Trainee: 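My questions all concern the structure below.
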There are 2 protein chains.
Amino acid sequence: MQLKSLRLLMGVAETGSFVATAQRLHTVQSNVTAHIKKLEDELGVQLVNRSGHVRLTTAGMALAEYAERMLSAHDEAVSLFKGDKVAGSRLRIGAMETTTALRLPPILAAFHGAYPEVDLQLQTGPTASLVERLTEGLVDCVFVAGRLDHPHYHLEKVFSEELVLVSSTPMLAMPSTEELLTATFLAFRQGCSYRQRIELLLAYCGVSAARIFDLGSLDAMLGCVAAGMGYTVLPRTTVEAHQHRFGIHCLVLPAPIAQVDTYFAAAQPATWTPALARFVDTLRQVAASDTCRSESGGG
Amino acid sequence: MQLKSLRLLMGVAETGSFVATAQRLHTVQSNVTAHIKKLEDELGVQLVNRSGHVRLTTAGMALAEYAERMLSAHDEAVSLFKGDKVAGSRLRIGAMETTTALRLPPILAAFHGAYPEVDLQLQTGPTASLVERLTEGLVDCVFVAGRLDHPHYHLEKVFSEELVLVSSTPMLAMPSTEELLTATFLAFRQGCSYRQRIELLLAYCGVSAARIFDLGSLDAMLGCVAAGMGYTVLPRTTVEAHQHRFGIHCLVLPAPIAQVDTYFAAAQPATWTPALARFVDTLRQVAASDTCRSESGGG
DNA sequence: ACCCCTTGATCACATAACAAGATAGCTTAC
DNA sequence: GTAAGCTATCTTGTTATGTGATCAAGGGGT
């Protein structure tokens, strides 16, 4: 059984004529006859009544119901890949907590505004877990810190954060080792890459352990820091954006520690669904405008 | 896009191997490659990730959902015509009121007992209306009185009733014309063919008009006749079956009026769905056993 | 009642699509 | 490093498909 035959059958059902069906579906009448005949031979049932006016038989109508299902599924599938519509698509995005909180909202908003039909699913987790989910096909794309070691993956640097040390008091240089040993650090919850950076910073300063508090929200973190509760490490642009609301000061960290690149990772572009391709388009646009804004705003 | 290709794609999705898929679906590996490749070219998307272990890409999984729908619809359709299952079938039967009341119950019961999955739909109406519905494809088969004049239809005589005149008092001959003129006749509701027979009978006896009451049920009719309310005309076997419950007597009518043949009409057998074919089987069996019983019982 | 027009079936032929086998290139595991 | 297993590619013979021409049948109009 071929989809082409079913389409011709539906044509016959609708037009009640082999000739008209042939014209409508851009072929010739003998072709319609042949296809219908082949269907009939295959199923061992007469599908079309040719005596008098052409009309589907009971069996033909029964088959037509299934043909309808098959063809509509086919058309949906084709339009999903070839058409401009992304309706019915699903897009599963994996991202780190910090990325989700700090970078994704405008991107998701822009994408959802442009393609509201896409079923967006967001999963958060640490980089290692995200990569695993990507390789297992549980998500379609991920935002992760640092380059993926996996080959055969499409990688794209989308965000480049410059981390700064945030405190309630002005700083000219890194706090002393003694200060750091007794200080409290505020971070997003476990698994966050910024938190790892804090630990990296502490190690860099010769401090092996410090108190690190988990806070769920950016506002909470900045508020606590402003209240003198401790330090935190955040992207410079984020801090600058909220600096007018909190009495906080920041210190540029050494480059190797400060620099945090967030990569967008997915399978090769050739494997992308249109929905994913559109998402990447949106992502690039938003990321580009973000860069402009932060560059002009930060200058 | 071809169903065959989709089936191979599903095979690859399940086995994770082109070779295994080829074996499972009784073809060769190069065929699987070719089909998948053609699908990919057609949709402009890579569906299978061949680097490392073979696995569907995001796009492949998206297509697989639609493939699932198409293939299951296809399989259902095929099994409807080729398999032994009639699940999901619909059977629309048209029948006259009297046939529905007197003959169909055992047939429908037998059929429904044997094929409970079939969605049975029964429509009642007079012969002309039924024939119209059959030609319009609104029902799959009908039980009608008398031969269909329409050609190209499958006709089968299934019931042959011998009508008798029923009264509360014993009769040796037809009532007199005077008696008939004042008498009341009881019949099923308008459109019933037995009612037409009553009118035919009256015309035969030279009576142009008589009072005819519509009663909805057989029991009501026989009860009223037994109470001396009037006459009715019913099949001999029906009357004999109920004779022990009512004090009624019957008179054999002249052959041309007494003989009422009920025909089963449907499109040509070649156009029958399996459900319809099974119904005809059941119908013949029940009709045959009915004949035996009535013959032995009536002798 | 006749003729004409339209419709679907059939046939022959050219082309395209397909399945199968052999081989080459690549990856993975030992 | 080698061997085994996998997929891509190529070739070939066969099948399937699309097309146009022709034939038979039915319906409508005169």
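Everything numeric here is computed off the predicted structure, so don't read it as measured data. Here is the naming used below: chain letters follow the sequence lines, and residue numbers restart at 1 for every chain.
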Trainee: How far does the helix from dA1(C)-dT30(D) to dC30(C)-dG1(D) bend, going by the axes of its first and last five pairs, to the nearest 10°?
Mentor: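 Computed from the C1' atoms at both ends, the axes differ by 40°.
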Trainee: Just N and O in the side chain of His35(B): are any of them under 4.0 Å from OP1 or OP2 of dA19(C)?
Mentor: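 Answer is yes, contact under 4.0 Å.
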Trainee: Kindly say whether His35(B) contributes a backbone atom to a donor-acceptor pair with the side chain of Gln2(B) at under 3.5 angstrom?
Mentor: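 Pair absent, no side-chain N/O of Gln2(B) close to backbone of His35(B).
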Trainee: Identify, with sequence neighbours excluded, every residue that meets ring pair (Phe, Tyr, Trp, His ring centres under 6.0 Å) alongside His154(A).
Mentor: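 In terms of ring pair (Phe, Tyr, Trp, His ring centres under 6.0 Å), with neighbours along the sequence ignored, His154(A) is linked to Trp272(A).
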Trainee: Polar pairs (N or O, both sides) under 3.5 Å between protein and nucleotides 20-26 of chain C?
Mentor:
{"from": "dA20(C)", "atom 1": "OP2", "to": "Thr27(B)", "atom 2": "OG1", "distance (Å)": "2.8"}
{"from": "dA20(C)", "atom 1": "OP2", "to": "Asn31(B)", "atom 2": "ND2", "distance (Å)": "3.4"}
{"from": "dA20(C)", "atom 1": "N7", "to": "Ser30(B)", "atom 2": "OG", "distance (Å)": "3.3"}
{"from": "dG21(C)", "atom 1": "O6", "to": "Ser30(B)", "atom 2": "OG", "distance (Å)": "3.0"}

Trainee: Backbone N or O of Arg92(B) within a donor-acceptor pair of the Asp140(B) side chain at under 3.5 Å?
Mentor: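 Answer holds: yes.
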Trainee: Mind checking if Val32(A) touches a base, just sugar-phosphate, or nothing, with heavy atoms under 4.0 Å?
Mentor: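 Since no nucleic acid heavy atom lies under 4.0 Å of Val32(A), the category is nothing.
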Trainee: Between Thr57(B) and Leu47(B), is there a donor-acceptor pair closer than 3.5 Å when you use the side chain of the first and the backbone of the second?
Mentor: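 Yes, Thr57(B) side chain to Leu47(B) backbone: donor-acceptor pair under 3.5 Å.
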Trainee: Are any of Thr33(A)'s side-chain N or O atoms less than 4.0 Å away from OP1 or OP2 of dA9(C)?
Mentor: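 So the side-chain polar atoms of Thr33(A) do come within 4.0 Å of the phosphate oxygens OP1 or OP2 of dA9(C), strictly under.
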Trainee: By the 4.0 Å heavy-atom rule, please label Val19(A) as base, sugar-phosphate, or nothing.
Mentor: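 Here Val19(A) touches the backbone only, sparing every base.
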Trainee: Taking Met1(A)'s backbone N and O only, do any of them form a donor-acceptor pair with Ser5(A)'s side chain (distance below 3.5 Å, no angle check)?
Mentor: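 Between the backbone of Met1(A) and the side chain of Ser5(A) there is no qualifying donor-acceptor contact (under 3.5 Å).
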Trainee: Would you mind telling me which of Thr282(A), Val286(A), Leu283(A) makes a side chain to side chain contact (heavy atoms under 4.5 Å, CB included) with Phe111(A)?
Mentor: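 Among Thr282(A), Val286(A), Leu283(A), the one that satisfies the side chain to side chain contact (heavy atoms under 4.5 Å, CB included) with Phe111(A) is Thr282(A).
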Trainee: For Gln2(A) and for Gly16(B), find the nucleotide of DNA chain D with the closest heavy atom, then tell me which residue's nucleotide is more 5'.
Mentor: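 Checking each residue's closest nucleotide, the 5'-ward one belongs to Gly16(B).
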Trainee: Give, ordered by number, those residues of residues 37-44 of chain B having at least one heavy-atom distance below 4.0 Å to an atom of DNA chain C; if nothing qualifies, reply none.
Mentor: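 The answer is Lys38(B).
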Trainee: Counting distance only, does the side-chain N/O of Glu161(B) pair as donor-acceptor with the main-chain N or O of Val260(B) below 3.5 Å?
Mentor: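 The answer is no, because no donor-acceptor pair under 3.5 Å joins these two groups.
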Trainee: Output yes when a side-chain donor or acceptor of Arg197(B) lies under 3.5 Å from a complementary backbone atom of Gln259(B), and no otherwise.
Mentor: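 It does hold such a pair.
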Trainee: Applying ring pair (Phe, Tyr, Trp, His ring centres under 6.0 Å), can you list everything that pairs with Phe264(B), at least two apart in sequence or on another chain?
Mentor: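 Ring pair (Phe, Tyr, Trp, His ring centres under 6.0 Å) list for Phe264(B), sorted by chain: Phe143(B).
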Trainee: So do Glu156(B) and Val280(B) actually touch side chain to side chain, heavy atoms under 4.5 Å?
Mentor: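 The answer is yes; the side chains approach within 4.5 Å.
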Trainee: Of all nucleotides in DNA chain D with an atom under 4.0 Å from a non-hydrogen atom of chain B, which is the first and which the last going 5' to 3'?
Mentor: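 Listing 5' to 3', DNA chain D meets chain B from dT7(D) to dT9(D).
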Trainee: Can you tell me if Thr21(A) and Thr15(A) form a side-chain donor-acceptor pair at under 3.5 Å?
Mentor: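 Per modelled atom types, Thr21(A) and Thr15(A) side chains form a pair under 3.5 Å.
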